[in-house]
A.B. asks: 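Just passing along the structure, written as structure tokens.
In this text, all values refer to a predicted model and were calculated from it rather than measured experimentally.
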Amino acid sequence: MPGASTVTVHADRETHPSRAVAQPIYQTAAFAAEDGPTFAAGATEPRGEDFYTRFGNPNHAQVAAVVAELEHTETAMVTASGMAAITTAVLALVSAGDHVIGQRSTYGGTASLLLNLLPLPGRGHHTGGPARS
């Protein structure tokens, strides 16, 4: 089995095969489409990598491929922000009737997620301070 350094360098080769020694960094926010149907397909494709950078771009696909290989998983997900990551994780794992416990001192966006979004019908939350010994 190759080492982590080898995996890190080569795991993304299948995402965008090219002759480049180092894959280019995509600094664009949006991507062009040839026509309306192609645009519509890109806009509705789950985890599309060439529609809008916050949804994903070729570099996100590269990072996800490397992380998946390093973690020995089928796939990995890369988000454009920490709030996107925590929202995705919480909404994927919290169901009606579940209770989430969060600390009092936290990032404002996380607090808003726990205090305003999660209290939807059937979900609860609780905030508490650090454990004291």
Side-chain angles (χ1 to χ4, degrees):
M1 174 177 270
S5 296
T6 302
V7 169
T8 302
V9 171
H10 297 290
D12 67 339
R13 292 284 186 224
E14 298 300 317
T15 59
H16 292 283
S18 75
R19 294 182 27 196
V21 175
Q23 295 295 330
I25 296 173
Y26 291 83
Q27 299 182 29
T28 184
F31 298 84
E34 297 297 319
D35 53 34
T38 304
F39 179 83
T44 57
E45 177 186 338
R47 296 181 67 181
E49 64 181 61
D50 58 358
F51 175 67
Y52 181 61
T53 293
R54 286 194 179 181
F55 300 151
N57 71 28
N59 295 127
H60 292 183
Q62 291 169 274
V63 172
V66 171
V67 170
E69 189 68 26
L70 288 170
E71 295 295 329
H72 307 290
T73 64
E74 290 181 27
T75 188
M77 182 176 183
V78 177
T79 61
S81 70
M83 275 310 302
I86 194 166
T87 301
T88 299
V90 169
L91 293 179
L93 299 173
V94 176
S95 300
D98 288 351
H99 200 80
V100 176
I101 299 173
Q103 65 185 42
R104 281 191 192 114
S105 177
T106 188
Y107 172 68
T110 302
S112 180
L113 173 70
L114 295 175
L115 298 172
N116 301 321
L117 181 60
L118 285 184
L120 295 173
R123 291 184 282 203
H125 72 282
H126 174 77
T127 55
R132 302 189 196 277
S133 50

A.B. asks: Going by the rule side-chain contact (heavy atoms from CB on, under 4.5 Å), which residues pair with Ser81 if we only count those two or more places apart in sequence or in a different chain?
C.D. replies: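 So Ser81 forms a side-chain contact (heavy atoms from CB on, under 4.5 Å) with Met83, Ala84.
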
A.B. asks: With sequence neighbours excluded, tell me which residues meet side-chain contact (heavy atoms from CB on, under 4.5 Å) with Ile25.
C.D. replies: Gln27, Asn59

A.B. asks: Taking side-chain contact (heavy atoms from CB on, under 4.5 Å) as the definition, give me every residue that meets it alongside Val67, ordered by chain and number, with sequence neighbours left out.
C.D. replies: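 Once residues adjacent in sequence are excluded, the partners of Val67 under the side-chain contact (heavy atoms from CB on, under 4.5 Å) criterion are Val63, Glu71, Ala76.
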
A.B. asks: Not counting sequence neighbours, which residues clear ring pair (Phe, Tyr, Trp, His ring centres under 6.0 Å) with Tyr107? List them please.
C.D. replies: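 None.
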
A.B. asks: How would you list, by chain and number, every residue that makes a side-chain contact (heavy atoms from CB on, under 4.5 Å) with Ala89, sequence neighbours excluded?
C.D. replies: none

A.B. asks: Output the distance between atom CD1 (Ile86) and atom OG1 (Thr106), rounded to the nearest 0.5 Å.
C.D. replies: 6.5 Å

A.B. asks: If a pair satisfies side chain to side chain donor-acceptor pair (under 3.5 Å) and one of its residues is in residues 29-42, list it, with sequence neighbours excluded.
C.D. replies: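 Every pair satisfying side chain to side chain donor-acceptor pair (under 3.5 Å) with a residue in residues 29-42: Asp35-Thr38.
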
A.B. asks: Closest heavy-atom contact between Gln62 and Pro24?
C.D. replies: OE1-O, 4.2 Å

A.B. asks: Under the rule for side chain to side chain donor-acceptor pair (under 3.5 Å), what residues qualify as partners of Ser112, not counting sequence neighbours?
C.D. replies: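 Ser112 satisfies side chain to side chain donor-acceptor pair (under 3.5 Å) with Asn116 only.
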
